[in-house]
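Below, chains carry the letters A, B, ... as their sequence lines are ordered, and counting in each starts from 1. We use all heavy atoms of the structure for the numbers below, so side chains are in, but hydrogens, waters and symmetry mates are not.
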Amino acid sequence: MKKRYYIDKIADYVGREVTIQGWLYNIRTSGKLMFPQLRDGTGIIQGVVSQKEVTEQVWEDFKKLTQESSIIVTGTVSKHPKKDEFELQVKDIKIIQIAEPYPITPKDHGVEFLADHRHLWVRSPKQVAILKVREEIIKACRDYMYENGFTLFDSPIFTPNAAEGTTTLFSTDYFDLGKVYLAQTGQLYAEAGAMALGKVYDFGPTFRAERSKTRRHLNEFWMIEPEMAFYDLYDDMDLIEDFIVYIVERVLKNRSKELAILERDISKLEAVKKPFPRITYDEAVDIINKKNVPLIRKKADGSEEEIRPFPWGEDFGAPHEEAVVEDYDRPVMVYNWPSEAKAFYMKRDPDNPKVVRGVDVLAPEGYGEIVGGSEREDDLELLSSRIKEHNLPMEAFEWYLDLRRFGSVPHSGFGMGIERVVSWICKLDHLREAIPFPRLMYRNRP
RNA sequence: UCCGAAGUAGCUCAGUUGGUUAGAGCAUCUGACUGUUAAUCAGAGGGUCGUAGGUUCAAGUCCUACCUUCGGAGCCA
């Protein structure tokens, strides 16, 4: 195989001649010296071009370069005289292409402009750092699953019916079989997998046609959904906690360089240790009421009313999550939710049928829900009556009910949104930077 | 879908109570500089002021509609 050199490994070649293939990130000139910044996807290195050390041709070639021109540069690796890094004493250059004037400059840009140029924006150092952290998080998820006896059990993306709500699905035509929907979760299929393989997970893109326009929502996002036979809610919470700690530790260990580029406060991540606080929905409502945070509800005439105390049974909004989380330095697990606020498949607490054995994990620093999980209803009669209560088409769930007919066992699982975790760990302003090409309500390009 | 905000040079923005030739920084181009770090300095080019209509002697500025985008809410991961 051809010998290739990359900037992130350049320290191994001090004093030796190497060839770097990449793009010009920036160039500064100072009389008979030029300082091109060369990037290759693994990092950025400064080149030093001295007019008296190179041929006339090389000097003229460097003068022609524009930002993002593609080049192959040969030179000797040396220590930077002022900084604790390496630079390249340039000897030769081969120009692959002189780039047209590049729209993204090292100066500030607005959100819309950057979003329109997402295909170029991903070249910027911060975006590269985020994508590296994303990769580490995904790899950590898969490694954790592999090391702990889970089997990958991917679910279909075309699904014939809705797993949760029905209003928030994208649909498309499927030959002569009518409409199919893009999966908003693979959970029901993962449950079938858990009955076959014990512990499984699916991992893939999911789609929600919610007309939501906030920094915490994408219409296409990636989710990992583990599902475990013979796990109750408490086993589920133990696993979630262990899993999240593992992921954060992996990023701290392997992506410290990227976190530094993102100016992330590492101490906030180092605090993410076991055990996570576990509070019931009722206790969370107490905290909300103690802080006097109202529920804001729209009235028929369009005006808003503030309701205090917080009415039992309502789901939390962003201000309520914030009130619950702000006293802690690590993710908070809120469990035992009112059944009316949650999906049909969640198991009712036998001691209190008004609540279900579900858990939401709220990330620190205002990042909201990163994990939602539950023990699943394993009783055939209860499950089918809940399907009816939710007005879901029974025939579409016959296969799912089979799982309760043929060796039903207690089981649990959860789903974790990858972009929300990336966003939290990188402390991003918006989910759109946590995925290469975000799909938002008002943006489906590039 | 609802509430709020914004559209002026390639980009980020300024533009006064409506007033005569629409400004700056960056980017681009030309030049100076042998250690630059968002380099600096000198010069040049670059505009359908989102679109359409209206008020006025006069509209980037005021009014109406539309378009686009941004922020938030609800829903959720």
Sugar-phosphate only, base, or nothing, as touched by A:Gly317 at under 4.0 Å among non-hydrogen atoms: sugar-phosphate
Sugar-phosphate, base or nothing in reach of A:Glu210, heavy atoms under 4.0 Å: base
Base of B:A27 and ring of A:Tyr102 stacked, centres under 5.5 Å, planes under 30°: no
Sub-6.0 Å ring centroid separation between A:Tyr13 and A:Tyr5: yes
Touch class at under 4.0 angstrom, heavy-atom based, for A:Gln46 against every strand present: base
Sugar-phosphate only, base, or nothing, as touched by A:Val421 at under 4.0 Å among non-hydrogen atoms: nothing
Touch class at under 4.0 angstrom, heavy-atom based, for A:Ala115 against every strand present: nothing
Sugar-phosphate only, base, or nothing, as touched by A:Glu85 at under 4.0 Å among non-hydrogen atoms: nothing
Aromatic ring pairing A:His117/A:His119, orientation class (parallel under 30°, perpendicular over 60°, tilted between): parallel
Sugar-phosphate, base or nothing in reach of A:His109, heavy atoms under 4.0 Å: sugar-phosphate
Side-chain H-bond candidate by donor/acceptor type, A:Arg142 with A:Tyr146, under 3.5 Å: no
Sugar-phosphate only, base, or nothing, as touched by A:Glu314 at under 4.0 Å among non-hydrogen atoms: nothing
Sugar-phosphate, base or nothing in reach of A:Leu218, heavy atoms under 4.0 Å: base
